[in-house]
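Every value quoted in this text rests on a predicted model; they were computed, and no experiment measured them.
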Protein chains: 2
Amino acid sequence: MAAQPRDGARSRAERAALDLFTSRGFEHVTSDEVADSAGISRRTFFRYFATKADAVWGDFAGHVARLEQLLTATGDAGPVLATVCAAYVEVNDYPDAELPLLRERMQLILAEPALLAHSQLRFAEVDLVVARYVARRTGDTPTALVPRLVAATTRAAATTAFEAWLTDARTPLTQYLHQAFDEMAAGFPGLRR
Amino acid sequence: MAAQPRDGARSRAERAALDLFTSRGFEHVTSDEVADSAGISRRTFFRYFATKADAVWGDFAGHVARLEQLLTATGDAGPVLATVCAAYVEVNDYPDAELPLLRERMQLILAEPALLAHSQLRFAEVDLVVARYVARRTGDTPTALVPRLVAATTRAAATTAFEAWLTDARTPLTQYLHQAFDEMAAGFPGLRR
DNA sequence: ACGGTAATGGCACCCGGTGCCACCGACAAC
DNA sequence: GTTGTCGGTGGCACCGGGTGCCATTACCGT
């Protein structure tokens, strides 16, 4: 049993990382401990994950790919901003069974300083996808102000929705997302005064 | 001559860091090199700056403090969102003489992955200040959705304005900031289609 | 059984960051 | 001037994340 990432070694490492980071804090757990706990060597751990921080992200690349697919699939129908927001909502509409895992991940990512810093690099991938879509719709370059602006602000709104969901999970995540996007798209109507 | 951060050692270190990082890339410069170049020891470098990344931020804490002062000074006059945006514009209205330095800093921070990641931690200080102000105006807690949302999105817009300014400095920074905030506050009117 | 291929793990190394301590220059008291 | 204190300094050893290199191991097709 070699030639493929052996057994469930990779997922064992992800679980071990999540558990250890959650219980003792990201900084107070060494990569050795995670590796040991997953039954692999430190060297192998760093072949699965580019950095210690990457061990908490699961299949984030797939997540981004799904978002991109959603956006390209909609073609040029409907308003641009609403399409982006809808895609965000849909790609984050997790089945109930996955919610605890999602909570654990996001709690770590948004509450642990080192992971929050690292998140910027992963979220930049999302921004790029969104900016490219907006640019395609508006005829701008992806580096023009509006495409970048839409990418940055919608992502900020989505992240904020996650934060709100983490502090109070009685309301479903998608509802927080809708609320955040609606506020933003309407130009924060409650703050006109 | 000791008892104060000796001579201009700290500012020499900042200059050395900026120069070296810009010319050779953040990751390819060791903290030893920066320290040597500033005529101090590595140990002393890390007493001036908590991390290698902090050496590029200048007096960012003062920057945040000025933003906070601006916000508390305005009292409860004028619409909330507009006040936040105006404060952002004003605090980033640098005299011409400082623009080259600002460019160098922001270019590094936004283009070097390690520095971009680190920036999240510094920008979180800004978000906190803004969220507190909005919360005070709306009667919410600073961790409620709307205060956090305003903080996150305005900061995202400001960062985007900086990016645009970096790619084309023919237009002044404040104008990019206005443009970004206006787009956002109006709910991206150009993207309704 | 055999050779190729790929995952693995050990090792040495680099670098960022820290705790500890010895040193030294400034200054005050006497 | 001597003494003592104080604070910035720098050397040193150490830890932990991350990497290059290489030998080993396990699977696979033939």
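No hydrogens or angles were tested; on distance alone, nothing pairs the side chain of B:R43 with the base of C:dG17 as donor and acceptor under 3.5 Å.
Side-chain N/O atoms of A:T44 include none lying less than 4.0 angstrom from OP1 or OP2 on C:dT8. Taking only side-chain nitrogens and oxygens, A:Y48 comes nearer than 4.0 Å to OP1 or OP2 of C:dT8. Dashed line: the shortest gap from a side-chain N or O of B:S41 to OP1 or OP2 of D:dT9 is not under 4.0 Å.
One distance of note links OG of B:S23 with CG of B:L18; it measures 10.5 Å at 0.5 Å rounding.
If you measure from atom CG of B:D36 to atom C1' of D:dG11, you get 13 Å, rounded to the nearest angstrom. A:I40 places its CD1 atom 11 Å from the C1' atom of C:dG9, with the value rounded to the nearest Å. Atom NE2 in A:H28 sits roughly 12 Å away from atom P in D:dG17 (whole-Å rounding). In this structure, A:E33 places its CD atom 9 Å from P of D:dG17, rounding to the nearest Å. Here D:dG16 presents its P atom at 14 Å from CZ of A:F26, a figure rounded to the nearest Å. The distance from atom CZ of A:R24 to atom P of D:dG16 is 11 Å, rounded to the nearest whole Å. Atom CZ in A:F46 sits about 14 Å away from atom C1' in C:dC15, given to the nearest Å. One can place CZ of A:F21 at 14 Å from P of D:dG16, the figure rounded to the nearest angstrom.
No donor-acceptor pair closer than 3.5 Å links the side chain of A:R155 to the backbone N or O of A:D127.
Using modelled atom types, one finds a donor on one side chain and an acceptor on the other under 3.5 Å when comparing A:T138 with A:D140.
Centroid-to-centroid, the aromatic rings of A:W57 and A:F21 stay 6.0 Å apart or farther.
Closest to the side chain of B:R47, out of D:dG18, D:dA13, D:dT9, is D:dT9. Relative to the side chain of A:K52, the nucleotides D:dG17, C:dG9, C:dG16 differ in distance, and D:dG17 lies closest.
At least one test fails for B:R170 against the ring of B:W165: distance under 6.0 Å to the centre or angle within 45° of the axis.
Of the residues near DNA chain C, A:F45 and B:R42, the one whose nearest nucleotide (by heavy atom distance) lies more toward the 5' end is A:F45.
When heavy atoms are screened at a 4.0 angstrom cut-off, A:V29 is found touching the sugar-phosphate backbone but no base atom.
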